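Data block below; observations after.
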Amino acid sequence: MSERKPYKSDSSDERWALIEPVITAWKAEHRSVSGHEGGYAMREIVNALLYQSRTGCQWDYLPHDLPPRGAVYYYFAKWRDDGTDQTIHDLLHWQVREKKRRLADPSLVVLDTQSFHAAAGVPAGTTGRDAAKKVPGRKRGLAVDVLGLVIAVVVAAASVHDNVVGNLLLDRVTAQSDTVKKALVDQGFKNAVVAHGASLGIDVEIVQRNPDQKGFAPQPKRWVVEQTYGTLSWHRRLVRDYEHRTASSESRVYWAMSDVIARRLTDTTTPTWRDA
């Protein structure tokens with residue numbers, strides 16, 4: 001760490017120790033042809049990503065005492081494209097499940113989607129309008145375990161039907177693990193998701209809403225995915241979609257959840273943007 005004044009989003013020594021081995025191994029496998037090691041510490045690159053995730057600032061508005069946007073975006077894009085961001089997330093995810101005395105991989109997942117606005121600079125070809133929720137922008141689909149931890153994420157145009165997003169989520173869940181046998185979804189998903197799940201060996205149950213309930217009412221087991229969406233909103237970069245590529249939007253979710261999980265593993269917290 002440099003002598004700069006720390007930001008509240010910075011990774012603590014304990015949290016950095018959890019992900020440093022992955023970053024160090026990646027760096028060792030991606031040495032410069034010239035032998036140059038780079039002018040910025042990997043911990044500071046991660047701190048810049050966490051700062052942007054928490055504050056939602058633009059690339060050009062990263063503080064001057066953090067690495068410049070060119071360096072930070074270079075690693076963000078590299079780790080997004082080769083899956084390092086998900087590798088870090090998954091390793092932390094397994095650790096927190098074991099801490100809760102659960103098997104590393106879940107047997108049940110909960111699926112849900114959320115439509116949210118996209119920034120003006122986001123390419124129109126990757127956005128749409130959710131006809132049901134009347135929201136223009138993009139749709140974020142999550143598959144979470146019973147602890148509310150992300151198993152898979154899919155980002156698409158808001159106009160894409162929940163069935164399509166649900167099928168993609170199930171595909172990604174089964175690609176990562178063969179232990180998931182059951183999935184819970186709400187009534188926004190239809191029989192197409194049930195049929196696709198059956199073809200993958202997953203029993204998809206559409207949880208019916210109690211017709212006597214008015215307004216929002218948490219449903220048993222399914223409520224954890226709503227909690228996860230709320231947790232992600234602490235990271236202001238995810239409140240609105242600023243990313244040109246949907247893959248970048250998905251990467252943002254993995255970085256945000258890695259930060260959340262690392263804090264749980266080390267029993268530390270940080271103020272949210274709502275506290276400002």
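Note that this is a predicted model, so its numbers are computed, not measured.
To the nearest 0.5 Å, atoms OG1 (Thr179) and CG (Asp105) are separated by 4.5 Å. Taking CD1 of Ile261 as the start and CZ of Arg15 as the end, the distance is 13.0 Å to the nearest 0.5 Å. The line from CG of Leu238 to OG1 of Thr231 is 11.5 Å long, rounded to the nearest 0.5 Å. If you take OG1 on Thr246 and NZ on Lys139, they are separated by 14.5 Å, rounding to the nearest 0.5 Å. For the atom pair OG of Ser258 and CG of Asp85, the computed distance is 8.0 Å after rounding to the nearest 0.5 Å.
Crowding of Tyr74 atom OH: a count of heavy atoms from other residues, nucleotides or ligands under 6.0 Å not exceeding 12.
For the 3.5 Å distance criterion, the side chains of Gln58 and Gln52 fail to qualify, holding no donor opposite an acceptor. Checked by atom type, the side-chain pair Asp162/Thr113 shows a donor-acceptor distance below 3.5 Å. Under 3.5 Å, the side chains of Asp82 and Trp26 contain a donor-acceptor pair of N or O atoms. Residues His196 and Asp171 have side chains that bring a donor and an acceptor to within less than 3.5 angstrom of each other. In this structure, a donor-acceptor pair under 3.5 Å is absent between the side chains of Lys78 and Tyr73.
Residues Ala192 and Asn167 come closest through the heavy atom pair O-OD1, 3.8 Å. The two residues Ala48 and Leu66 make their nearest non-hydrogen contact at CA-CD1, 4.0 Å. Contact record, Val72 with Pro67: CG2-O, 3.5 Å, taken as the closest heavy-atom pair. Among all heavy-atom pairs drawn from Gln114 and Lys133, the shortest one is CA-NZ, 4.3 Å. Residues Ser53 and Ala256 share a closest heavy-atom pair of OG-CB, 4.2 Å. For Arg236 against Gly56, the heavy-atom pair with the smallest separation is CB-N, 3.9 Å.
Screening residues 243-265 for ring-ring contact (aromatic ring centres under 6.0 Å, His included), with sequence neighbours left out, gives Trp79-Trp255, His89-Tyr254.
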### Query
Hey, mind stepping through His117 and Asp241 against side-chain contact (heavy atoms from CB on, under 4.5 Å) and telling me if it holds?
CA-CA 6 Å; His117 292 273; Asp241 202 334; over 6 Å; no

### Query
Taking it one step at a time, do Ser248 and Tyr242 satisfy side-chain contact (heavy atoms from CB on, under 4.5 Å)?
CA-CA 9 Å; Ser248 294; Tyr242 299 94; over 6 Å; no

### Task
Show your working on side-chain contact (heavy atoms from CB on, under 4.5 Å) between Lys99 and Arg264 and close with a plain yes or no.
CA-CA 10 Å; Lys99 183 179 180 180; Arg264 290 183 184 179; 5.9 Å; no

### Query
Ser11 and Asn47: side-chain hydrogen bond (donor to acceptor under 3.5 Å, both in side chains), yes or no, with the steps?
CA-CA 6 Å; Ser11 181; Asn47 282 338; 4.9 Å; no

### Query
Under the salt bridge (charged side-chain N to carboxylate O under 4.0 Å, His left out) criterion, do Asp203 and Lys181 qualify, and how do the steps go?
CA-CA 6 Å; Asp203 175 24; Lys181 302 302 179 185; over 6 Å; no

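In this structure the side chain of Val224 never reaches within 4.5 angstrom of the side chain of Val146, judged on heavy atoms. No side-chain heavy atom of Arg129 sits less than 4.5 Å from a side-chain heavy atom of Ser159. Residues Ser249 and Arg252 are not in side-chain contact: their nearest non-hydrogen atoms beyond the backbone lie 4.5 Å or more apart. No side-chain heavy atom of Tyr75 sits less than 4.5 Å from a side-chain heavy atom of Arg80. Residues Asp81 and Arg245 meet the side-chain proximity criterion, which asks for heavy atoms closer than 4.5 Å. Using a 4.5 Å heavy-atom cutoff, the side chains of Tyr7 and Pro63 are in contact. The shortest side-chain heavy-atom distance between Tyr40 and Pro68 falls under the 4.5 Å cut-off. Annotation: side chain of Thr24 is not in contact with side chain of Lys27 (no heavy-atom distance under 4.5 Å).
A salt bridge links Asp145 to Arg97: at least one charged side-chain nitrogen sits closer than 4.0 Å to a carboxylate oxygen. Salt bridge annotation for Glu20-Arg43: absent, with no cationic side-chain nitrogen under 4.0 angstrom from a carboxylate oxygen. A salt bridge links Asp112 with Arg222: at least one charged nitrogen is closer than 4.0 Å to a carboxylate oxygen. With respect to Arg172 and Glu250, a salt bridge is recorded, a charged nitrogen being found less than 4.0 Å from a carboxylate O. Using a 4.0 Å cut-off between charged nitrogen and carboxylate oxygen, Arg4 and Asp10 count as a salt-bridge pair. Salt bridge present: Arg54 and Asp259 bring a charged side-chain N and a carboxylate O closer than 4.0 Å. Between Arg138 and Asp130, no side-chain nitrogen of the basic residue sits less than 4.0 Å from a carboxylate oxygen of the acidic one, so the salt-bridge criterion is not met.
Under the 4.5 Å side-chain heavy-atom criterion for ILVMFWY residues, a single connected hydrophobic cluster contains both Val225 and Leu147. Hydrophobic clustering (side-chain heavy atoms under 4.5 Å, transitive across Ile, Leu, Val, Met, Phe, Trp, Tyr) groups Ile45 together with Leu62. No continuous path of ILVMFWY side-chain contacts below 4.5 Å connects Val122 to Val253, so the two sit in separate hydrophobic clusters. Linking Ile, Leu, Val, Met, Phe, Trp and Tyr residues whenever their side-chain heavy atoms come within less than 4.5 Å places Trp94 and Val22 in a single cluster. Note on Val207 and Leu108: same hydrophobic cluster, where clusters join Ile, Leu, Val, Met, Phe, Trp and Tyr whose side-chain heavy atoms are under 4.5 Å apart, directly or indirectly.
Judged by distance alone, the side chain of Ser177 and the main-chain N or O of Thr174 form no donor-acceptor pair under 3.5 Å. Formation of a donor-acceptor pair under 3.5 Å by the Thr87 side chain with backbone atoms of Gly83 is found in this model. The closest donor-acceptor contact from the side chain of Thr228 to the backbone of Gly148 lies under 3.5 Å. The backbone N or O of Ala247 sits nowhere less than 3.5 Å from a side-chain atom of Ser251 that would complete a donor-acceptor pair. In this structure a side-chain-to-backbone donor-acceptor pair under 3.5 Å is present from Arg237 to Cys57.
Under a 4.5 Å side-chain heavy-atom criterion applied to ILVMFWY residues, the cluster that includes Leu168 comprises Val109, Leu111, Ile151, Val154, Val160, Val164, Val165, Leu169, Leu170, Val173, Val180, Val185, Phe189, Val193, Val194, Leu200, Ile202, Val204, Ile206 as well.
Annotation: cation-pi pair Arg140/Phe116 present, NZ/CZ under 6.0 Å from the ring centroid and within 45° of its normal.
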